[in-house]
Amino acid sequence: MAENENIATNRNLNQNAENDRKDMEKQISDLKAEVASLTQQLSERGKQAYEDLREDAEGLYDEASRRARRAGRQLRSQANAVSETIRDNPGTAATLLSSAGLIGLLIGFLIGQSVGSSQPPRRWY
């Protein structure tokens with residue numbers, strides 16, 4: 001009778017082990033399906049984020065391009081106005097440019113003297 005009980009116990013253990021194995025396989029299968037679903041969702045979100053970023057970049061590029069064209073037109077217009085003014089008044093332009101050069105030279109000399117005054121004078125020899 002003890003032998004029959006051992007056989008019955010072994011059958012129950014085997015049956016329980018088989019049930020546990022089936023439960024684990026089912027859980028693994030469910031987890032695989034869930035991982036696949038999450039992977040698909042992440043892929044879709046990544047695609048959407050890429051598209052949004054691409055659209056934003058295109059918008060920024062278009063706006064920068066428009067502004068650069070507008071700035072180029074304004075620069076050309078102002079350059080033409082300056083060149084016409086110089087052609088019409090060559091003496092005034094020469095006087096203005098000479099004055100600006102002399103003022104720049106004077107400012108450079110004064111800055112050089114103020115920086116050099118904090119150091120002892122250097123002799124050329």
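What you see below is based on every heavy atom in this structure, not just the backbone, and it leaves out hydrogens, waters and symmetry mates. For reference, positions follow the sequence shown, starting with 1. As the structure is a computational prediction, the values presented were derived from the model and not from experiment.
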- Message: I'd like to know if D30 pairs up with K26 as an ion pair, taking the criterion as any Lys NZ or Arg NE/NH1/NH2 lying under 4.0 Å from an Asp or Glu carboxylate oxygen.
- Response: yes
- Item | Under-4.0 Å salt bridge between K22 and E25 | no
Test item: [X] side-chain N/O and [Y] main-chain N/O as donor-acceptor pair under 3.5 Å:
| X | Y | result |
| --- | --- | --- |
| T95 | G91 | yes |
| T85 | A81 | yes |
| S77 | R73 | no |

- Check the surroundings of atom CD in E63: do more than 12 heavy atoms from other residues, nucleotides or ligands lie under 6.0 Å from it?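 Yes, enclosed.
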Anything under 3.5 Å between a donor and an acceptor, one on a side chain of residues 45-58, the other on a protein residue two or more places apart or in another chain? List them.
from : atom 1 : to  : atom 2 : distance (Å)
Q48  : NE2    : D52 : OD1    : 2.9

- Item | From CA spacing to verdict: salt bridge (Lys or Arg N to Asp or Glu O under 4.0 Å), E84, R87 | CA-CA 5 Å; E84 286 178 20; R87 274 190 227 119; 5.4 Å; no
- Show the numbers, then the answer: is there a side-chain hydrogen bond (donor to acceptor under 3.5 Å, both in side chains) between Q40 and E44? CA-CA 6 Å; Q40 180 66 28; E44 289 171 4; 3.0 Å; yes
Quick check for you: to the nearest 0.5 Å, what is the distance between [X] atom [atom1] and [Y] atom [atom2]?
| X | Y | atom1 | atom2 | value |
| --- | --- | --- | --- | --- |
| D20 | Q15 | CG | CD | 10.5 Å |
| L97 | L102 | CG | CG | 11.0 Å |
| R67 | D62 | CZ | CG | 12.5 Å |

- Query: Mind checking who shares a hydrophobic cluster with L110, ILVMFWY linked at side-chain heavy-atom distances under 4.5 Å?
  - Reply: L106
- Give a yes-or-no answer on whether the side chains of R69 and S65 include a donor-acceptor pair shorter than 3.5 Å. yes
